[in-house]
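For reference, the structure discussed in these notes is given below.
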Amino acid sequence: MESILRVDGGKPLTGDIFVRGAKNFVPKAMVASLLGSSPSKLRNVPQIRDVDVVSELLSLHGVQINFDQGAGVLDLNPENVEIAHVADIDALAGSSRIPILFCGPLLHRLGEAFIPDLGGCNIGGRPIDFHLDTLRSFGAVVDKQENGIHITAPNGLRGTQVHLPYPSVGATEQTLLTAVMADGLTELTGAAIEPEIMDLINVLQKMGAIMSVDTDRTIRIEGVKELSGFTHTALPDRIEAASWASAALATRGDIYVRGAHQPDMTTFLNTFRKVGGAFRVDDEGIRFWHPGGDLKPIVLETNVHPGFMTDWQQPLVVALTQATGLSILHETVYENRLGFTSALIEMGANIQVYRECLGGLRCRFGQRNFNHSAVISGPTKLHGANIEVPDLRGGFSYLIAALAAEGESMVRGIDVISRGYEHFLNKLARLDASVERC
Ligand code: EPU
């Protein structure tokens with residue numbers, strides 16, 4: 001059944017909410033637990049769909065899982081890992097992008113892996129060529145099949161040199177999860193260095209891995225023969241924190257995000273301040289609010305860490321529709337992440353999208369017919385509309401737009417949002433939003 005939210009907008013969001021562990025870290029730490037010869041414990045785990053999907057996939061491979069949802073504590077016991085039935089794995093096809101990260105750990109534990117077709121948001125082609133090239137350079141043999149890929153390592157996995165043509169988060173994680181138990185040294189250049197990856201390195205080091213990170217995107221890993229389990233508290237979700245911050249700004253509200261962690265959000269906080277948002281950091285979180293007066297337009301370019309995250313972009317664009325003047329946006333991570341602007345235009349926003357690179361960087365998408373830049377002219381009054389959630393972050397930005405808009409909106413397909421935003425309906429209720437599920 002389709003999930004629809006009726007939103008009565010035009011009121012500031014005010015109150016406090018709590019953000020738990022990062023969606024883009026927790027499932028990867030869960031995969032890492034497969035490498036251990038003893039149980040692991042992960043704390044600060046949110047109740048989101050990606051955690052469910054990875055739990056199911058781990059269970060199919062014999063990992064015993066216990067999730068205390070209230071406490072956010074996940075116990076994972078991989079002592080009896082076994083080969084799963086392809087038909088069972090296949091049932092999870094299209095549900096997430098995380099399954100591709102099972103390759104290295106399953107090859108180490110079982111000598112083979114079957115990975116179903118991936119899912120995830122439709123925000124670009126999202127190929128897996130870097131993943132497969134990397135696995136092959138470790139000695140894996142990849143057999144593409146009709147409904148997924150089958151991978152073996154007839155001669156074991158050997159340390160290797162990997163150079164990523166682009167600092168891909170997933171391909172960096174793939175390399176780390178494979179290299180830690182490969183035979184010998186691996187040198188990865190062109191690595192992504194997102195805080196979530198650094199936290200995965202923390203987990204792997206706790207398990208017994210030997211790895212070092214240089215300032216030039218080079219990671220060196222010395223393979224070890226055995227890893228143990230880990231106990232770890234996940235870093236907080238900086239995308240969710242920034243999304244609520246943007247919601248505070250767009251609705252002229254005031255939201256205290258308990259759990260928000262300043263060191264992982266430096267670039268976002270600078271941008272938020274430039275737009276005219278106010279924030280105060282304390283030991284437990286960050287308060288974000290609209291201080292009154294006009295918001296200011298900005299030039300915004302998304303990039304890999306330490307740049308402005310692509311996942312922060314969509315929610316912030318809603319606030320930029322309320323800034324006085326022209327904002328320029330250049331999306332350089334995904335070629336197709338501006339489709340969500342069409343519904344904002346329908347709601348009254350003034351946004352033009354362009355194929356050209358409008359920022360300081362000439363990016364990979366410049367001469368390739370992708371609408372990946374935008375000019376946002378504000379302020380514009382938003383009015384309620386019937387809109388359909390296009391993807392996770394686009395969906396949250398629609399929620400913000402509906403909450404900022406005058407009148408009633410019907411937001412369809414809101415279940416997608418629960419892939420990455422824990423209990424977002426309860427949080428909206430805490431913030432006094434007028435929303436009703438129908
Ligand atoms: N890319 C390739 N080939 C590959 C892999 C990636 O060309 O084999 C390209 C992609 O097409 C994209 C760019 O490299 O243009 C970056 O992709 P990356 O691999 O870094 O992304 P990912 O690992 O698939 C993770 C997050 C995304 C987040 C990106 C960038 C998870 C589960 N997903 O994706 O999160 O946008 O890193 O930070 O960690 C989200 O949370 O809404 C989300 C989409």
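Predicted, not measured: the structure shown is a model, and the values here were computed from it. Counting starts at 1 for both ligands and their atoms, following the listed order. For this chain, numbers begin at 1 and follow the sequence in order.
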Exercise. Does the Tyr398 side chain pair with the main chain of Arg393, one donor and one acceptor, at a distance under 3.5 Å?
Worked result: no

Problem set entry | Pair Arg238 + Asp311, salt bridge at N-O below 4.0 Å | no

Exercise. Taking the minimum heavy-atom distance to atom 33 (N) of ligand 1, which of Asp50, Ile197, Asn24, Thr134 ranks first?
Worked result: Asn24

Exercise. Are Glu284 and Arg258 within salt-bridge range, i.e. N to O under 4.0 Å?
Worked result: yes

Exercise. If you measure from each heavy atom of Pro127 to ligand 1, is any distance below 4.0 Å?
Worked result: yes

For this session: Please work out whether any backbone atom (N, CA, C, O) or any side-chain heavy atom from C-beta onward of Asp311 is under 4.0 Å from ligand 1, and answer side chain, backbone, both or neither.
Result: side chain

Seminar exercise, completed: ligand 1 to Arg97, heavy atom cutoff 4.0 Å, flagged ligand atoms 24 (O)

Problem set entry | Where ligand 1 meets Gly170 - atom numbers and elements under 4.0 angstrom, heavy-atom basis | 19 (O), 23 (O)

For this session: Take every heavy atom of His305, measure it against each atom of ligand 1, and state whether any distance is under 4.0 Å.
Result: no

Exercise. Considering only heavy atoms of Leu392, which atoms of ligand 1 have at least one such atom less than 4.0 Å away?
Worked result: 42 (O)

Exercise. Under 4.0 Å from any heavy atom of His131, which atoms of ligand 1 are there?
Worked result: 8 (O)

Exercise. Which atoms of ligand 1 are found less than 4.0 Å from any heavy atom of Thr310?
Worked result: 36 (O)

Problem set entry | Nearest-0.5 Å distance that lies between atom CG in Leu320 and atom CG in Leu329 | 8.0 Å

Exercise. Under 4.0 angstrom from ligand 1, any heavy atom of Glu173?
Worked result: no

Exercise. Looking at ligand 1, does any of its N/O atoms fall within less than 3.5 Å of an N/O of Phe130?
Worked result: yes

Problem set entry | Selection from Arg364, Glu196, Lys28 by shortest heavy-atom distance to atom 39 (O) of ligand 1 | Lys28

Exercise. For ligand 1, which atoms sit closer than 4.0 Å to a heavy atom of Arg337?
Worked result: 36 (O), 42 (O), 44 (C)

Exercise. If only atom types and distance count, is the side chain of Ser373 paired as donor or acceptor with the main-chain N or O of Leu358 below 3.5 Å?
Worked result: yes

Exercise. Atoms of ligand 1 less than 4.0 Å from Ile128 heavy atoms?
Worked result: 8 (O)

Exercise. Are Asp133 and Arg136 ion-paired here, with the side-chain N under 4.0 Å from a carboxylate O?
Worked result: yes

Seminar exercise, completed: Applied to residues 259-268, the side chain to side chain donor-acceptor pair (under 3.5 Å) test, sequence neighbours excluded, yields His261-Asp264

Exercise. For ligand 1, is there an N or O atom under 3.5 Å from any N or O atom of Ser168?
Worked result: yes

Exercise. Would you say Ala171 and ligand 1 have an N/O pair spaced under 3.5 Å apart?
Worked result: no

Exercise. Looking at Thr186, Thr189, Asp214, which one forms a side-chain hydrogen bond (donor to acceptor under 3.5 Å, both in side chains) with Arg220?
Worked result: Asp214

Problem set entry | Nitrogen or oxygen atoms of Val169 and ligand 1 under 3.5 Å apart | yes

Problem set entry | For Ile98, the ligand 1 atoms whose distance to one of its heavy atoms is below 4.0 Å | 32 (C)

Exercise. Do any nitrogen or oxygen atoms of Glu194 lie less than 3.5 angstrom from nitrogen or oxygen atoms of ligand 1?
Worked result: no

Problem set entry | Residues that Arg437 engages under salt bridge (charged side-chain N to carboxylate O under 4.0 Å, His left out), provided they are two or more places apart | Asp415

Problem set entry | Spacing of Leu101 atom CG and Gln174 atom CD [to the nearest 0.5 Å] | 5.5 Å

Exercise. Under a 4.0 Å N-O cut-off, is there an ion pair linking Asp183 with Arg158?
Worked result: no

For this session: Using a strict 4.0 Å threshold on nitrogen-to-oxygen distance, state whether Arg20 and Asp237 make a salt bridge.
Result: no

